[in-house]
Engineer: 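Submitted below is the structure of interest, expressed as structure tokens.
Values in this document were obtained by computation on a predicted structure and should not be read as measured data. Heavy-atom basis, side chains included; hydrogens, waters and symmetry copies ignored.
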Amino acid sequence: MNYLYVFFAGVVIGIANIIPGVSGGTMAVVMNIFDRLIEAISNIRKEWKKNILFLVMIGLGAGVGILLFANLISYCRDHFPVATNFFFVGLIVGSIPMVYKRATADSFKAFHLIPFAAALGIMIFTVVFVPGNTSAVMTELNVMNFILLFLASVLAAACMIIPGISGSFVMLLLGTYTTITTAISDFNLVILIPIVLGCAVGILGGAKVIKFLLQRYPQATYFTILGLVVGSIPVLLKNVFWIKGVFTFRFDPEFAVAVLTLIIGALLAYFLGSRVKEPEKSEKEPEAC
């Protein structure tokens with residue numbers, strides 16, 4: 001395992017997790033480390049040195065991505081929203097062939113389209129939600145705030161490792177996004193305590209569930225992941241074309257640049273996925289024996 005690549009993948013995942021509508025799990029699929037990530041989290045005591053090193057590199061990369069790129073991403077989304085969203089759409093589009101190949105690794109079965117359609121339908125359904133960001137910011141910790149932030153973080157963190165579902169989007173729906181981002185920017189350690197604890201529980205629990213599904217129902221699970229990944233595209237496009245409840249489209253120089261960023265993102269995702277495909281296979285082969 002190339003740990004420099006793992007660190008870079010962590011940076012991408014960290015950046016994704018601070019953008020509502022972009023899934024860190026999807027970026028893990030794009031970077032082709034999703035299976036390895038789930039394995040390391042769910043079986044951390046098995047080959048614990050190797051798994052801990054892997055998770056530490058992912059965690060360091062995600063931390064760097066969040067701290068260094070949060071302001072840059074916010075600036076790009078504020079000043080170049082179309083190009084920024086199209087770049088992430090490109091990353092997702094470029095990862096679809098890789099996910100489909102895994103979903104059909106054994107054979108294609110028509111009934112696997114059912115979980116694909118269900119997952120895609122759920123993602124399209126979320127497009128109708130317009131989460132507000134007007135919730136009051138919690139700056140002091142009491143019992144109720146602790147419970148709320150802990151439970152919200154458990155759910156959001158579990159969603160962060162599920163491709164297609166944005167943990168930040170879940171935070172927005174639960175009304176805790178502003179509180180969490182403010183606590184991070186202000187280094188409010190008291191508020192961050194239940195958030196960190198909740199994220200730890202959510203990630204560990206979510207990884208266990210996904211690991212079970214991949215072991216028992218691998219093809220159906222990958223078709224579900226494929227539906228979630230494909231369904232995340234309209235969630236991102238909504239930010240571009242659905243403005244104040246009105247469909248808006250303008251072909252201007254910014255849109256032309258956005259198409260270019262989409263192509264760059266798609267080629268980048270396809271290239272990265274193909275580059276690490278063989279190492280992932282070789283690591284899995286001993287486990288199948």
Engineer: Determine, using the 4.5 Å side-chain heavy-atom cutoff (strictly less than), whether Phe7 and Ile52 are members of one ILVMFWY cluster.
Structural biologist: yes

Engineer: Can you find a heavy atom in the side chain of Val56 that is under 4.5 Å from one in the side chain of Tyr3?
Structural biologist: no

Engineer: Leu213 and Thr221: which non-hydrogen atoms are nearest, and at how many Å?
Structural biologist: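 What the structure gives for the nearest pair is O-OG1, 3.1 Å.
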
Engineer: Who are the side chain to side chain contact (heavy atoms under 4.5 Å, CB included) partners of Ile66, not counting sequence neighbours?
Structural biologist: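 Side chain to side chain contact (heavy atoms under 4.5 Å, CB included) list for Ile66, sorted by chain: Ile18.
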
Engineer: What are the two closest heavy atoms between Asn85 and Pro81, and how far apart are they?
Structural biologist: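 That would be ND2-O, 2.7 Å.
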
Engineer: Taking side chain to side chain contact (heavy atoms under 4.5 Å, CB included) as the definition, give me every residue that meets it alongside Val12, ordered by chain and number, with sequence neighbours left out.
Structural biologist: Phe8, Met27, Met31

Engineer: Do Val209 and Leu204 land in one hydrophobic cluster if side-chain heavy atoms of ILVMFWY residues count as linked below 4.5 Å?
Structural biologist: no

Engineer: With sequence neighbours excluded, what pairs up with Asn188 under the side-chain hydrogen bond (donor to acceptor under 3.5 Å, both in side chains) test?
Structural biologist: none

Engineer: For Val82 versus Ala258, what's the shortest heavy-atom pair and its separation?
Structural biologist: CG1-CB, 3.4 Å

Engineer: Working to the nearest 0.5 angstrom, can you tell me the gap between Lys208 NZ and Ile41 CD1?
Structural biologist: 10.5 Å

Engineer: Answer with yes or no whether the hydrophobic clustering places Met144 together with Val154; edges join I, L, V, M, F, W, Y residues whose side-chain heavy atoms lie under 4.5 Å apart.
Structural biologist: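 In one cluster: no.
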
Engineer: Got a second to check how far Leu53's CG is from Lys50's NZ, nearest 0.5 Å?
Structural biologist: 10.0 Å

Engineer: Kindly say whether Lys211 contributes a backbone atom to a donor-acceptor pair with the side chain of Ser42 at under 3.5 angstrom?
Structural biologist: no

Engineer: Quick check: closest heavy atoms across Phe150 and Val201, and the distance to 0.1 Å?
Structural biologist: CZ-CG2, 4.1 Å

Engineer: How many angstroms lie between atom CD1 of Ile193 and atom OG of Ser153, to the nearest 0.5 angstrom?
Structural biologist: 12.5 Å

Engineer: So which heavy atom on Ala28 is nearest to which on Ile13, and how close?
Structural biologist: CB-CD1, 4.0 Å

Engineer: Under the rule for side chain to side chain contact (heavy atoms under 4.5 Å, CB included), what residues qualify as partners of Ala158, not counting sequence neighbours?
Structural biologist: none

Engineer: What are the two closest heavy atoms between Ile124 and Pro234, and how far apart are they?
Structural biologist: CG1-CG, 4.4 Å

Engineer: Do Phe125 and Ile122 belong to the same hydrophobic cluster, where Ile, Leu, Val, Met, Phe, Trp and Tyr are linked whenever their side-chain heavy atoms lie under 4.5 Å apart, directly or via other members?
Structural biologist: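 They do not share one cluster, since no chain of ILVMFWY contacts under 4.5 Å joins Phe125 to Ile122.
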
Engineer: Working to the nearest 0.5 angstrom, can you tell me the gap between Asn142 CG and Leu148 CG?
Structural biologist: 10.0 Å

Engineer: Please check: side-chain N/O of Thr261 versus main-chain N/O of Phe86, any donor-acceptor pairing under 3.5 Å?
Structural biologist: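 Side chain of Thr261 to backbone of Phe86: no pair is present.
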
Engineer: Set out, in order, the CA-CA distance, both residues' side-chain angles and the distance that settles side chain to side chain contact (heavy atoms under 4.5 Å, CB included) for Asn51 and Arg36, then state yes or no.
Structural biologist: CA-CA 9 Å; Asn51 287 335; Arg36 181 69 183 92; 3.1 Å; yes

Engineer: Distance only, no hydrogens: is a donor on one side chain within 3.5 Å (strictly under) of an acceptor on the other, for Asn32 and Tyr5?
Structural biologist: no

Engineer: Working to the nearest 0.5 Å, report the span between OH of Tyr100 and CZ of Phe223.
Structural biologist: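 If I round to the nearest 0.5 Å, the distance is 5.5 Å.
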
Engineer: Using 0.5 Å steps for rounding, measure from the CD1 atom of Ile225 to the CZ atom of Phe34.
Structural biologist: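 So the CD1 of Ile225 and the CZ of Phe34 are separated by 4.0 Å.
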
Engineer: Which residues pass the side chain to side chain contact (heavy atoms under 4.5 Å, CB included) test with Val230, sequence neighbours left out?
Structural biologist: Ile96, Phe116, Leu120, Leu226

Engineer: Start with the C-alpha distance between Ile92 and Val89, add both sets of side-chain angles, then the distance that settles side chain to side chain contact (heavy atoms under 4.5 Å, CB included), and finish with yes or no.
Structural biologist: CA-CA 5 Å; Ile92 295 169; Val89 169; 5.7 Å; no

Engineer: Hey, quick one: are Tyr217 and Ile114 part of the same hydrophobic cluster, counting side-chain heavy atoms closer than 4.5 Å, chains of contacts allowed?
Structural biologist: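 No, Tyr217 and Ile114 fall in different hydrophobic clusters.
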
